[in-house]
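Presented below is the structure to which this report refers.
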There are 2 protein chains.
Amino acid sequence: MDIFTTMQDERGRLSQSEIRIADIVLNDFEFAVNASIIELAGKADVSPPTVTRFCRRLGCESFSDFKVQLARTAYVGMRYLKPEPKSIAPADVAQDIITKAQNALFLLHRGLDVAAIEQAANRLADAEMIYAFGSGGNSSMIASEIQNRLFRLGLRITSSSDHSMQLMMAAAAKPTDVLIGSSFSGRNAELVRAFTLAREAKVPTIALTQSGSPVAHVADITVPIDLPEGDNIYRPTSTRIAYLAVLDILASLVAYRLRPQATVILRRIKQQLVTHRDGDDRQLLGD
Amino acid sequence: MDIFTTMQDERGRLSQSEIRIADIVLNDFEFAVNASIIELAGKADVSPPTVTRFCRRLGCESFSDFKVQLARTAYVGMRYLKPEPKSIAPADVAQDIITKAQNALFLLHRGLDVAAIEQAANRLADAEMIYAFGSGGNSSMIASEIQNRLFRLGLRITSSSDHSMQLMMAAAAKPTDVLIGSSFSGRNAELVRAFTLAREAKVPTIALTQSGSPVAHVADITVPIDLPEGDNIYRPTSTRIAYLAVLDILASLVAYRLRPQATVILRRIKQQLVTHRDGDDRQLLGD
DNA sequence: GATTCCTGCAAATTATTTTCTTGATACGTT
DNA sequence: AACGTATCAAGAAAATAATTTGCAGGAATC
């Protein structure tokens, strides 16, 4: 696990001096990464040995090991990101957006429920028919993306962003089918209704959403995607990127699950696309 | 700039001993990050001072500074990523996909032509009407995403993934309008045709594509998005994530450019959304 | 009141860097 | 072509700096 999480988890068990060190590291981390043990000790008003002991307690070999671990998760992850970029200069805006996207992926990975994804992948692989639901600019894109990824694996699938259609499809689905729905906020009331309907008819449901949300409650399998509030509201792109990544994982697992030999075939197709490529973008569809 | 690029750029100017050090670092970088200067020197069959000099030459303050820099870009970026995950165990697949996505963002950032994006943003902000083009599963999504992001800023915009429509639109466009098109491969012949048509009519064109590609050649402004081949073919998601990030940057710059005060209003709208949120995903559209 | 744990000091150890020197190579001069 | 000089690489050893360990005093807790 990464050093930041450890630091937060252990915080309660740390002594006063150690908490001071932790706070300095967390707040001024550029400093911490470049400082020597003496400088860091000086800033925290403790002696160098205390810093060494602090590092040990966090599971590091030594102070330099600590710095390396720190630098490792420094580039992305667990940073206190400001809601706005440093300035509106193009370079800063770019940096800000890319860092946030990377952070979203980092946080996604940290909180990823792999078991749930695996379970979902297995259900999808065995489904006779799949219905993918999602509404609103973001989730509707995810829904069609689910279709996009899964139909290529030979699965029967359709997607809809239309509430009425979703309800009708949910009513038409059989227990051997699967419903999969996405909701960034988890508060999509219509999706909850469709899932409830499905549940009554014993149709398995999979939700890609925030854990603990209404949508999560009514789904059989929830693949939780929990990102800090800020990211959701201020910049939907980073959340969307996280969803796309989850989808990618899900689709890959389904592919592996479906037929081990399929990956070989798939690779051959890809290879062929590489060799004679003078067409257009649609080549990439063969992914 | 990152230490890996520097190492590759400087390689020619390094001495024999230094090249040996560089190779060890590049190949076994877990080792390099954890090793002391003596261990690293020993493995490279050089003396510790040589290692120090090597670090200095690369622009680092000291050996420990070098290690920090190394660890920083170790988590993501410039890694020799295997085309396939370690195993098909779900956790490994997840790790593989997320790492690749983060790497794509890293590489995107490294190669980002900020000036081109800024130029493109300015053009879009001043356009009387915008036409967003893209075909194939990937670029068509990008095209509608462009529309999605820009219409909220009060711009007049439409998107199309239909070749015939694209041609007709290109023909109908005026020099005060802007055409913006996306092509992952840069080999979308129809897009090239549409752009050529636009050029003849003096309609400004912006391309989001691979630099040096046919599409890039016919566009007035090219925002280059160059990622290693492997990523494009084997896993379109990471490329798509890069495109989404670029789009996010572009849209943000347009927003800032359009009206500085708009950001204030936008923030107020967001705040309001946060306070009474019991609806569904579509709230997030207000991003 | 005793125990435990934190903490800093000083010493010891270790790591890193500087300085100095040697050896090699390249270049210019005779 | 041969010699001398300049330049650079690279290691040895010394100096310096950083880090860790051992120990002892002191605070907090039970």
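- Put simply, A:R56 has a side-chain N or O that comes within less than 4.0 Å of OP1 or OP2 on D:dT21.
- Rounding to whole angstrom units, CD1 of residue B:I38 and P of D:dT19 are separated by 14 Å.
- Under the 4.0 Å criterion applied to side-chain N and carboxylate O atoms, B:E10 and B:R57 are not assigned as salt-bridge partners.
- Ion pairing between a basic and an acidic side chain is recognised when a charged N comes within 4.0 Å of a carboxylate O; A:D28 and A:K43 show such pairing.
- To the nearest angstrom, P of C:dA15 lies 18 Å from CZ of B:F66.
- The shortest side-chain heavy-atom distance between A:Q69 and A:T73 does not fall under the 4.5 Å cut-off.
- At whole-Å resolution of the value, CG in B:L14 and C1' in D:dA9 are 12 Å apart.
- Using a 4.0 Å cut-off on heavy atoms, the residues of residues 45-55 of chain A that approach DNA chain C are A:D45, A:V46, A:S47, A:P49, A:T50, A:R53, listed by number.
- Counting non-hydrogen atoms of other residues, nucleotides and ligands closer than 6.0 Å to CD of B:E39 gives a total above 12.
- Summarising the geometry, the separation between CD1 on A:I21 and C1' on C:dC6 is reported as 12 Å, rounded to the nearest angstrom.
- Between A:S36 and D:dA17 there is no side-chain N or O to OP1 or OP2 distance below 4.0 Å.
- Relative ring orientation between A:F66 and A:F54 is described as perpendicular, the plane-to-plane angle rising above 60° on a 0-90° scale split at 30° and 60°.
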Q: Might you work through the side chain to side chain donor-acceptor pair (under 3.5 Å) test for B:S64 and B:S62, ending with a clear yes or no?
A: CA-CA 5 Å; B:S64 46; B:S62 63; 3.2 Å; yes
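- Ranking C:dC6, C:dT17, D:dA18 by closeness to the A:I37 side chain, first place goes to D:dA18.
- Residue contacts shown for B:S62 are limited to sugar-phosphate atoms, with no base heavy atom under 4.0 Å away.
- In this structure, CG of B:N34 is placed 14 Å from P of C:dA15, rounded to the nearest angstrom.
- Across the protein-nucleic acid pair, A:R20 atom CZ and C:dC6 atom C1' stand 12 Å apart, rounded to whole Å.
- For A:R13 and C:dC6, the CZ to C1' distance is 17 Å, given to the nearest whole Å.
- Sequence neighbours left out, the pairs with a member in residues 46-56 of chain B that pass side chain to side chain donor-acceptor pair (under 3.5 Å) are B:S47-B:T50.
- To the nearest angstrom, P of D:dT19 lies 6 Å from NZ of A:K67.
- Relative to the side chain of B:F63, the nucleotides C:dT17, D:dA10, C:dT7 differ in distance, and C:dT17 lies closest.
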